[in-house]
Participant: 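Before I ask anything, let me first share the structure, which is written out below as structure tokens.
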Amino acid sequence: VSAVGLEHRRGFVPGYDATVVARMKAAGAILVAKTNCPPGGGGGDTENVIYGRTLNPYDLACTPGGSSGGEAALVAAGGSPLGLGSDSGGGLRVPAHFCGVAALKPTVGRVPNTGAYNQRGGLTDVRSQIGPLARSVADLVLTWPLLCGQDFVDAGVVPMPVGDPARVCLGELSVAYFTSDPATPAAAEVADTVGAVAQALARAGVLVEPTRPRDFVRNGRGISDAYAEIAALRGQDVVELYDAWDGYRSFALQFMRPYDAILCPVSHQPAPPFRAVDRRRFDYTLPFSLLGWPVVVVPVGRSKDGLPIGVQIAARPWREEVALALGLAVERELPPAKPFHSIL
């Protein structure tokens, strides 16, 4: 953590690396840059008073999203082969979708947050996770195991085994998919892309079924809105919020009994113009933040205006290898449109 777009942190130099950065360096990674983010690291557009605005490589009038919009834009433009970002409600996934790159939000408790939020991690925010961004799902597969495991500082990390996507049998998987949610209808281009991915998975041997958890987006939005105002809530209201949150998680787990993953949009539209006011931007990503499940974003198509469109594949807790295996299958069946960095 350095300035994170805040004036009072201008010029701040941290005294140590975040755990994930130290692990990448130990594996031979070379730190190219710290990229831009919204003020304080939270927000839907990447712009602040210190470093200004980060632009979407595909359309300079459009946002790269946030919070990790700077990292997604850099990877998309060919400035770096991969990077790290943070995701509390979609901060990795929405920029990946807007900028046409791949991303992984791990299961909550999989990767230490130590140093990334200027905090120890653990109980500070159960929604937040650090994960990789890359040009392809194949690159995510190489990167994510390096980040996993206890560092004996972040007390929220669980020493769970790391699965291998190569050992996942696609013919044994079943996937629920929905192209849109009535609470936040997806644009036709987005819905069509999700449908095409479902067909591609079916060709790869996966059992796909069109269905979705009831009131998935609406209830997720309600819990997220209440959580954002938790400091103003009375004691009983806090109890009721966490009871609703627990109920949401239990209902989703029950829904997943016959399925190994859920396929759905990342956001209801491709990248909009900068500062376009739309609180629905994270409606498809927030539910999986509340659930704490692992999610892979796969860049797939383009809008009629040439903007990237990705899809979201969420697996059961601790089953990152399932989401990654499905993402690899999508890349094989539906090669992505020519990426920006290859046409510079």
Participant: So, Tyr284 side chain and Thr184 main chain: donor-acceptor pair closer than 3.5 Å or not?
Facilitator: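 Yes; judged by distance alone, with no hydrogens or angles, the pair exists.
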Participant: Report the C-alpha distance between Thr114 and Phe152 in whole Å, list the side-chain angles of each, state the deciding distance to 0.1 Å, and finish with yes or no for side-chain contact (heavy atoms from CB on, under 4.5 Å).
Facilitator: CA-CA 10 Å; Thr114 308; Phe152 298 94; over 6 Å; no
Participant: Would one find more than 12 heavy atoms of other residues, nucleotides or ligands at under 6.0 Å from atom CZ of Arg319?
Facilitator: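 Atom CZ in Arg319 is not crowded, with 12 or fewer foreign heavy atoms closer than 6.0 Å.
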Participant: I need the Asp139 CG to Leu104 CG distance, nearest 0.5 Å.
Facilitator: 12.5 Å
Participant: Which heavy atom of Ser67 sits nearest to which heavy atom of Thr46, and what is that distance?
Facilitator: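 Taking every non-hydrogen atom into account, O-OG1, 4.0 Å.
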Participant: Just wondering, do Leu291 and Arg249 contact through their side chains at under 4.5 Å, heavy atoms?
Facilitator: yes
Participant: Are Tyr248 and Val295 in one and the same hydrophobic cluster, where Ile, Leu, Val, Met, Phe, Trp and Tyr link if side-chain heavy atoms are under 4.5 Å apart?
Facilitator: yes
Participant: May I ask you to decide if Pro265's main-chain N or O and Gln312's side chain share a donor-acceptor pair within less than 3.5 Å?
Facilitator: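 Here the side-chain-to-backbone pair exists.
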Participant: Can you find a heavy atom in the side chain of Asn36 that is under 4.5 Å from one in the side chain of Arg53?
Facilitator: no
Participant: Has the side chain of Ser128 got a donor or acceptor atom that lies under 3.5 Å from a matching backbone atom of Ser88?
Facilitator: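 No: the side chain of Ser128 does not pair with the backbone of Ser88.
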Participant: So, the side chain of Glu320 versus the backbone of Thr107: is there a donor-acceptor pair under 3.5 Å, distance only?
Facilitator: yes
Participant: Measure from the ring center of Trp245 to the ring center of Tyr242 and say whether it is less than 6.0 Å.
Facilitator: yes
Participant: Can a donor-acceptor pair be found, under 3.5 Å and without considering hydrogens, that links the side chain of Arg316 to the backbone of Met256?
Facilitator: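 Here the side-chain-to-backbone pair exists.
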Participant: What's the shortest heavy-atom distance between Thr54 and Pro64, and which atoms?
Facilitator: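 The pair with the smallest heavy-atom distance is O-CD, 3.2 Å.
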Participant: In Å, rounded to the nearest 0.5 Å, how long is the span from CD of Gln269 to NE2 of His97?
Facilitator: 7.5 Å
Participant: Indicate yes or no: at least one non-hydrogen side-chain atom of Val300 is less than 4.5 angstrom from one of Ile309.
Facilitator: no
Participant: How long is the gap from CE on Met160 to SG on Cys148, to the nearest 0.5 Å?
Facilitator: 11.5 Å
Participant: With the 4.5 Å side-chain cut-off for hydrophobic clustering, are Val190 and Val311 part of the same group?
Facilitator: no
Participant: Identify whether Leu140 and Val298 are in the same connected component of the hydrophobic contact network (ILVMFWY, side-chain heavy atoms under 4.5 Å).
Facilitator: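 Yes, because Leu140 and Val298 connect within a single hydrophobic cluster, where side-chain heavy atoms sit under 4.5 Å apart.
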Participant: Taking all non-hydrogen atoms of both residues into account, name the closest pair between Leu324 and Val296 and its distance.
Facilitator: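 The pair with the smallest heavy-atom distance is CD2-CG2, 3.7 Å.
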Participant: Are any non-hydrogen side-chain atoms of Leu241 and Leu233 less than 4.5 angstrom apart?
Facilitator: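 In short, these two side chains touch, coming nearer than 4.5 Å.
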Participant: Working note: Leu146 + Met24, criterion side-chain contact (heavy atoms from CB on, under 4.5 Å); need CA distance, chi angles, decisive distance, verdict.
Facilitator: CA-CA 7 Å; Leu146 304 174; Met24 291 295 291; 4.2 Å; yes
Participant: Could you walk me through whether Ser303 and Tyr58 pass the side-chain contact (heavy atoms from CB on, under 4.5 Å) check?
Facilitator: CA-CA 11 Å; Ser303 73; Tyr58 286 89; over 6 Å; no
Participant: Taking the side chain as every heavy atom from C-beta outward, state whether Cys99 and Pro308 have any pair of such atoms under 4.5 Å apart.
Facilitator: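 They are not in contact (no side-chain heavy atoms under 4.5 Å apart), so the answer is no.
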Participant: Please check if the side chain of Asp305 supplies one atom and the backbone of Leu307 the other of a donor-acceptor pair under 3.5 Å.
Facilitator: no
Participant: Mind checking the CZ-NZ spacing from Arg302 to Lys304? Nearest 0.5 Å is all I need.
Facilitator: 15.0 Å
Participant: For a side-chain contact (heavy atoms from CB on, under 4.5 Å) check, start with the C-alpha distance between Val111 and Gln129, then their side-chain angles and the critical distance, and finish with the verdict.
Facilitator: CA-CA 7 Å; Val111 175; Gln129 275 291 279; 3.9 Å; yes
Participant: Please answer whether the main-chain N or O of Arg280 pairs with a side-chain N or O of Arg221 as donor and acceptor at a distance below 3.5 Å.
Facilitator: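 Answer holds: no.
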Participant: Any chance the side chains of Asp45 and Thr63 put a donor and an acceptor closer than 3.5 Å?
Facilitator: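 Indeed, the side chains of Asp45 and Thr63 share at least one donor-acceptor pair under 3.5 Å.
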Participant: Please tell me if the side chains of Pro270 and Glu189 come closer than 4.5 Å, counting only heavy atoms from C-beta onward.
Facilitator: yes
Participant: Testing the basics here: between Thr285 and Gly90, what is the closest heavy-atom pair and its distance to 0.1 Å?
Facilitator: OG1-CA, 3.6 Å
Participant: Working to the nearest 0.5 angstrom, can you tell me the gap between Trp293 CH2 and Leu253 CG?
Facilitator: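 Trp293 atom CH2 to Leu253 atom CG measures 5.5 Å (nearest 0.5 Å).
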Participant: Enter the distance from Leu326:CG to Ile262:CD1 here, rounded to the nearest 0.5 Å.
Facilitator: 12.0 Å
Participant: Side-chain donor-acceptor pairs under 3.5 Å in residues 168-182, sequence neighbours left out?
Facilitator:
| unit_1 | atom_1 | unit_2 | atom_2 | d |
| --- | --- | --- | --- | --- |
| Ser174 | OG | Pro258 | O | 2.6 |
| Ser180 | OG | Ala186 | N | 2.8 |
| Asp181 | OD1 | Ala183 | N | 2.9 |

Participant: Any salt bridge linking Arg281 with Asp278? Criterion: basic side-chain nitrogen under 4.0 Å from a carboxylate oxygen.
Facilitator: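 A salt bridge is absent here (no side-chain N lies under 4.0 Å from a carboxylate O).
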Participant: Answer with yes or no whether the side chains of Ser224 and Arg127 bring together a donor and an acceptor at under 3.5 Å.
Facilitator: no
Participant: Can a donor-acceptor pair be found, under 3.5 Å and without considering hydrogens, that links the side chain of Asn113 to the backbone of Ala116?
Facilitator: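 Checking the backbone N and O of Ala116 against the side chain of Asn113, no donor-acceptor pair under 3.5 Å is found.
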Participant: Same cluster or not: are Tyr51 and Val32 linked, directly or through other Ile, Leu, Val, Met, Phe, Trp or Tyr residues, by side-chain heavy atoms under 4.5 angstrom apart?
Facilitator: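 Shared cluster, no.
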Participant: Check whether any side-chain heavy atom of Phe288 lies under 4.5 Å from a side-chain heavy atom of Phe216, and answer yes or no.
Facilitator: yes
Participant: What is the minimum heavy-atom distance between Leu92 and Asp87, and which atoms define it?
Facilitator: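 That would be N-OD2, 3.2 Å.
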Participant: Do Val21 and Leu82 sit in the same hydrophobic cluster, where Ile, Leu, Val, Met, Phe, Trp and Tyr count as joined when their side-chain heavy atoms come under 4.5 Å apart?
Facilitator: yes
Participant: Can you name the nearest heavy-atom pair linking Pro132 to Trp144, along with the distance?
Facilitator: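 Residues Pro132 and Trp144, closest heavy atoms: CG-CB, 4.3 Å.
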Participant: Leu328 versus Val141: any side-chain heavy-atom pair under 4.5 Å?
Facilitator: yes
